[in-house]
There are 2 protein chains.
Amino acid sequence: MVAAGAELADEVGLGALTMGGLAERVGVRTPSLYKHVAGQEDLVRRIAALALSESAVAIGTAIQGLAGRDALAAAAQAFRAYVLAHPGRYAATVGLEPAGQDDPLVAAGVRALAAFRAVLRGYDLPAAEEDHALRTLRSAFHGFATLQAARGFQWSADVDESFGWMVDLLDRGLRRA
Amino acid sequence: MVAAGAELADEVGLGALTMGGLAERVGVRTPSLYKHVAGQEDLVRRIAALALSESAVAIGTAIQGLAGRDALAAAAQAFRAYVLAHPGRYAATVGLEPAGQDDPLVAAGVRALAAFRAVLRGYDLPAAEEDHALRTLRSAFHGFATLQAARGFQWSADVDESFGWMVDLLDRGLRRA
DNA sequence: TCCTGCAGCTAAAGCCGTTAGCCAAAAGCT
DNA sequence: AGCTTTTGGCTAACGGCTTTAGCTGCAGGA
């Protein structure tokens with residue numbers, strides 16, 4: 001149910017994810033969906049939780065055995081690959097309030113952050129700066145991925161190359177120049 | 001008309017910007033709006049053009065007389081202030097295709113990019129890397145601003161401090177470590 | 001065996017965007 | 001001034017979307 005919604009969102013875009021479309025995909029009439037999800041908002045939340053969980057394991061496995069710059073590059077690649085492969089799922093994760101603390105969303109979010117925290121452990125950062133570094137990485141990766149997914153990079157230069165360049169810059173920056 | 005739509009989008013969020021709501025705001029029945037805009041998509045495009053134009057002048061004036069790190073910090077501050085003050089307008093700018101080349105959107109986009117290009121001129125970058133640097137700055141600022149606007153930074157550390165930290169990192173990175 | 005609850009269905013309401021077609025007033029031309 | 005055209009509003013209506021209400025059959029446990 002949620003999995004089918006996630007697939008559909010990846011194919012048509014989160015904005016075009018419709019209850020009717022999902023019903024058709026799973027071979028059911030639209031109102032029947034409400035026996036499984038509370039509504040469209042609930043559906044999107046669950047897709048978001050799925051996306052956070054999946055991306056967390058993707059990044060987590062990508063950085064296994066790596067440290068420092070290698071870990072950063074691997075995490076960045078894994079993150080971007082996930083977002084490009086699953087744009088609908090990822091779009092679901094942005095701009096949602098975590099309702100309650102038993103929300104599976106926060107658990108999934110924490111796991112995703114943990115993967116990036118692991119990357120930062122390879123750099124000698126003062127503890128007080130770890131949160132700043134985490135936010136910086138998240139902003140840069142999130143920004144790049146969403147801009148690319150939205151066709152935000154229209155002009156010439158190669159996008160992969162730009163991404164590598166950005167990762168290099170972040171690595172230099174994290175190593176305290 | 002577009003200005004009213006931009007205000008409304010800032011207040012209720014771009015996703016909740018509705019033709020009926022805009023009509024009520026300007027004191028008119030809904031179908032009358034179609035004498036001024038071609039439809040909702042057209043409305044959003046025009047709001048986006050407004051946002052790009054406004055943010056371009058905000059950043060442009062902020063960096064006047066500054067160079068290097070000072071210019072970068074000023075541009076970053078101006079950009080973030082604009083996005084936080086006008087989240088609806090800014091949200092309109094992400095994820096749109098520029099239709100025609102006479103589209104006022106591309107002109108406004110070029111002006112916005114020019115402001116960041118001016119900042120980069122204060123660093124000694126090889127010409128081949130300017131596009132990469134531009135994309136990096138855009139990703140980092142866009143990511144940070146949208147994550148903050150979406151209340152994406154839930155945990156403790158001070159957000160302004162994190163932003164400053166990120167700008168420092170970018171500055172170091174741009175100065176080729 | 002009976003009964004409870006799950007998972008589907010139809011019907012219908014309400015909101016949104018959009019189009020068609022009408023009309024008055026303002027603006028512009030002779 | 002008088003006619004004409006454009007402008008900007010209106011009502012009515014359609015189609016699509018989400019969501020609720022209420023019914024029904026069926027599976028699995030008491």
Side-chain angles (χ1 to χ4, degrees), chain A residues 1-51 87-100 102-105 150, chain B residues 1-51 87-100 102-105 150:
Chain A
M1 173 90 270
V2 174
E7 274 179 38
L8 188 54
D10 286 339
E11 289 170 24
V12 303
L14 184 69
L17 174 63
T18 186
M19 296 301 261
L22 176 56
E24 192 179 358
R25 151 100 34 149
V26 300
V28 130
R29 302 294 187 139
T30 310
S32 304
L33 296 179
Y34 290 78
K35 293 291 164 75
H36 301 276
V37 293
Q40 203 172 25
E41 188 185 322
D42 179 47
L43 173 65
V44 172
R45 296 180 77 80
R46 298 200 202 193
I47 293 175
L50 177 67
R89 285 159 154 89
Y90 185 72
T93 68
V94 30
L96 28 70
E97 316 265 338
D102 57 342
D103 200 329
L105 204 56
Chain B
M1 175 88 272
V2 175
E7 275 179 36
L8 188 54
D10 287 339
E11 290 170 23
V12 304
L14 184 70
L17 173 63
T18 185
M19 296 301 258
L22 177 55
E24 192 179 358
R25 150 100 33 150
V26 300
V28 130
R29 301 296 187 135
T30 310
S32 303
L33 296 179
Y34 291 77
K35 291 292 163 72
H36 301 275
V37 292
Q40 201 173 27
E41 188 185 321
D42 179 46
L43 173 65
V44 172
R45 296 180 77 80
R46 297 200 202 193
I47 293 175
L50 177 67
R89 283 159 156 89
Y90 184 73
T93 68
V94 30
L96 26 71
E97 317 264 338
D102 57 342
D103 200 329
L105 203 56

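Per chain, numbering begins at 1; letters A, B, ... match sequence-line order.
With dG8(C), dT20(D), dT18(C) as the candidates, the nucleotide lying closest to the side chain of Y34(A) is dT20(D). Side-chain proximity of K35(B) to dG22(D), dT10(C), dG21(C): nearest is dG21(C).
One can place CD of Q40(B) at 20 Å from P of dG15(D), the figure rounded to the nearest angstrom. Rounded to whole Å, the distance from CD on E41(B) to C1' on dC16(C) is 16 Å. Rounding to whole angstrom units, CE of residue M19(A) and P of dC9(C) are separated by 14 Å. For the pair R29(A) CZ and dA11(C) P, the interatomic distance rounds to 10 Å; values are reported in whole Å. Remark: P of dG17(C) and CG of L17(B) are 8 Å apart, rounded to the nearest angstrom.
Positionally, the nearest nucleotide of DNA chain D for V28(B) lies more toward the 5' end than for the other of A38(A) and V28(B).
Distances shorter than 4.0 Å separate some side-chain N or O of H36(B) from OP1 or OP2 on dG9(D). Look at S32(B) and you won't find any side-chain N or O under 4.0 angstrom from OP1 or OP2 of dG8(D). An OP1 or OP2 oxygen of dT18(D) is reached within less than 4.0 angstrom by a side-chain nitrogen or oxygen of T18(A).
In this structure a side-chain-to-backbone donor-acceptor pair under 3.5 Å is missing from D42(B) to V37(B).
Around atom CZ of R29(A), no more than 12 heavy atoms belonging to other residues, nucleotides or ligands sit under 6.0 Å away. No more than 12 heavy atoms of other residues, nucleotides or ligands sit less than 6.0 Å from atom CD of E24(A).
The side-chain contact (heavy atoms from CB on, under 4.5 Å) with M1(A) is formed by just one residue from the set L33(A), V28(A), L43(A); it is L33(A).
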